[in-house]
Amino acid sequence: MSPMSETLFAKACRGVPVDSVPVWLMRQAGRYMPEYQRLRDKGDFLTICQDPALASQATLEAVEYLGVDAAIIFSDIMLPAAAMGLNLEFSPGPRIEPAVQSDAAVRSLKTIDPERDLGFVLEAIRRTRSALPTDKSLIGFVGAPLTLSGYMVEGAPTPLWLRLKGMLSATPDRAHAMLARVADAVAAHAAAQVKAGCDAIQLFDTTAGDLAEEHLIEFAFRYARDVIEQLKPLGVPIIYFARRIGAHLDLAADLGADVLGLDWTVSVANARRIVGDRVALMGNLDPAVLLTDEQTIESEVIRILGEADGMNGFVFNLGHGVLPATPPAHARHLVEVVHAHGRRP
Ligand code: 1CP
């Protein structure tokens, strides 16, 4: 895409001047939406992910309902784990059985071929890109190596990540071997998503902020940077999202990503002071605010836009995914008020 025809979202990611603030929501096509619930009546979550027509429909319905500036392809960070040879189920959260808990299990992780193993995601992207208005971006995504490896080691979501942390501290060689393989797999999958039509890639490193600082640097940031370096030549904006890394933003700003996604535990104003103009910022409304009322949502939007200090280099989002209990009308109201207040007069 030539710079002239770049979308508002792409411009904001690159920090070039815009006359309004773009907005999209992590998990915008999720369980809170009646349209998605109706799709779920037709099949379980994996079935929707593996059916390009249904996955594309879920992606597009969210964009149409909410009026957001970007779509995110309906998929999941766990799918490359299945492509690497693991047994993956959703019930409803992801389950990997058996989990990866030995050097031999790490060695037997397969190299992926995205067209062969994840072709359904790529076909969903092609369909979605051709149906999506040209002024809206389509975001592809992968789990960052640390976060995806965490699920592969634990076998299921967990609040404490004890097996993952055990691997990092007791068997660091195994951890490095695993992270290197996972990094290659997610980089290949992300690159294939760009070739299929995605205009941006987000790395979800949701778990990184739970680690000790030295582990964050050695195991999370190092492999996130590897993936980003592999994607850079493709020329699309890259977003790095992690939670609870307010104390590490200075390092995160140098990973090579164009945009840092923030959760609500650090203010946009403080983040901007730390990162300067090295990266654009994305975030960071607490998804809990969407459970309140329209006035509260509007005043929180005004506060965050004020902290963003001008419109350039900022993408409005939540600080994590939309909660399942969110009234859909509140999510739509959020988008409306960002568009109303985030505009040059
Ligand atoms: O219908 C259902 O019950 C399935 C619910 C669901 C959905 C709608 C899961 C299971 N994944 C998804 C889609 C999904 N996952 C998207 C789609 C696009 C969108 O944002 O609209 C994305 C980007 C993800 C990313 C994802 N999956 C992450 C990273 C971001 C995050 O939320 O922390 C993680 C950790 C997962 C794993 C996962 N998938 C599903 C569950 C329940 C989980 C465990 C983590 C959790 O409870 O959120």
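Order of listing sets the numbers, starting from 1, for every ligand and every atom in it. Note that this is a predicted model, so its numbers are computed, not measured.
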Checklist line | Selected option - heavy-atom contact closest to atom 44 (C) of ligand 1, from G93, P94, G143, A62 | finding: P94
Item checked: atom 3 (O) of ligand 1: the protein heavy-atom neighbour that sits closest, reported with distance to 0.1 Å -> R40 NH2, 3.2 Å
Next item on the list: Please answer whether the main-chain N or O of I228 pairs with a side-chain N or O of R225 as donor and acceptor at a distance below 3.5 Å.
Entry: no
Check: Under 4.0 angstrom from ligand 1, any heavy atom of V322?
Finding: no
Item checked: salt_bridge(E229, K232) N-O dist < 4.0 Å -> no
Notebook entry, point to check: Does atom 27 (N) of ligand 1 have a protein heavy-atom neighbour under 4.0 Å away?
Noted result: yes
Next item on the list: Flag yes if more than 12 heavy atoms outside K110 fall under 6.0 Å of its NZ atom; otherwise flag no.
Entry: no
Checklist line | Atom indices of ligand 1, in the order listed, that fall short of 4.0 Å to a heavy atom of F74 | finding: 8 (C)
Notebook entry, point to check: In the protein, which heavy atom is nearest to atom 16 (C) of ligand 1, and how far is it?
Noted result: S75 O, 3.4 Å
Checklist line | Distance-only donor-acceptor check, side chains D69 and H339, under 3.5 Å | finding: yes
Next item on the list: Taking all non-hydrogen atoms of both residues into account, name the closest pair between V186 and V142 and its distance.
Entry: O-CG1, 3.5 Å
Notebook entry, point to check: Judged by modelled atom types alone, do D210 and T207 share a side-chain donor-acceptor pair under 3.5 Å?
Noted result: no
Notebook entry, point to check: Mind checking whether Y151 has a heavy atom under 4.0 Å from ligand 1?
Noted result: yes
Check: What is the closest protein heavy atom to atom 33 (O) of ligand 1, and at what distance does it sit?
Finding: H320 NE2, 2.7 Å
Next item on the list: List the closest protein heavy-atom neighbour of atom 39 (N) of ligand 1: residue, atom name, distance to the nearest 0.1 Å.
Entry: D76 OD1, 2.7 Å
Item checked: Protein heavy-atom partner closest to atom 24 (C) of ligand 1 - residue, atom, separation in Å -> R27 NE, 3.3 Å
Checklist line | Note: E307-R303 ion pair, threshold 4.0 Å (strictly below) | finding: yes
Check: What protein heavy atom is closest to atom 22 (C) of ligand 1, reported as residue, atom name and distance in Å?
Finding: F141 CZ, 3.6 Å
Margin query: I need the atoms of ligand 1 closer than 4.0 Å to a non-hydrogen atom of A29, numbered in the order shown.
Written below: 21 (O)
Notebook entry, point to check: Excluding sequence neighbours, so at least two apart, what forms salt bridge (Lys or Arg N to Asp or Glu O under 4.0 Å) with D250?
Noted result: R278
Checklist line | Least distance between heavy atoms, V236 atom then D258 atom | finding: O-OD2, 4.0 Å
Check: Going by the atom numbers of ligand 1, which of them fall below 4.0 Å from some non-hydrogen atom of I73?
Finding: 18 (C)
Next item on the list: Please could you name the atoms of ligand 1 that I72 approaches to less than 4.0 Å, counting only its heavy atoms?
Entry: 18 (C), 19 (C), 20 (O), 21 (O), 23 (C)
Item checked: Test of proximity, T147 against ligand 1: N or O pairs below 3.5 Å -> no
Next item on the list: Tell me which protein heavy atom sits closest to atom 6 (C) of ligand 1, plus the residue, atom name and distance to 0.1 Å.
Entry: F45 CE1, 3.7 Å
Notebook entry, point to check: Got more than 12 heavy atoms from elsewhere within 6.0 Å of CD, E214?
Noted result: yes
Check: Any idea which atoms of ligand 1 are less than 4.0 Å away from a heavy-atom of T206?
Finding: 29 (C), 30 (C), 31 (C), 33 (O)
Notebook entry, point to check: What protein heavy atom is closest to atom 30 (C) of ligand 1, reported as residue, atom name and distance in Å?
Noted result: F204 CD2, 3.3 Å
Next item on the list: Please collect all side-chain hydrogen bond (donor to acceptor under 3.5 Å, both in side chains) contacts where either partner lies in residues 45-68, sequence neighbours excluded, each pair once.
Entry: D44-T47, S56-T128, Q57-E61
Notebook entry, point to check: Is the shortest N/O to N/O distance between R31 and ligand 1 below 3.5 Å?
Noted result: no
Note to self: So, 4.0 Å and heavy atoms of R243: is ligand 1 close enough to count as a contact?
What the structure shows: no
Next item on the list: Please say whether more than 12 non-hydrogen atoms of neighbouring residues, nucleotides or ligands are located less than 6.0 Å from CD in E89.
Entry: no
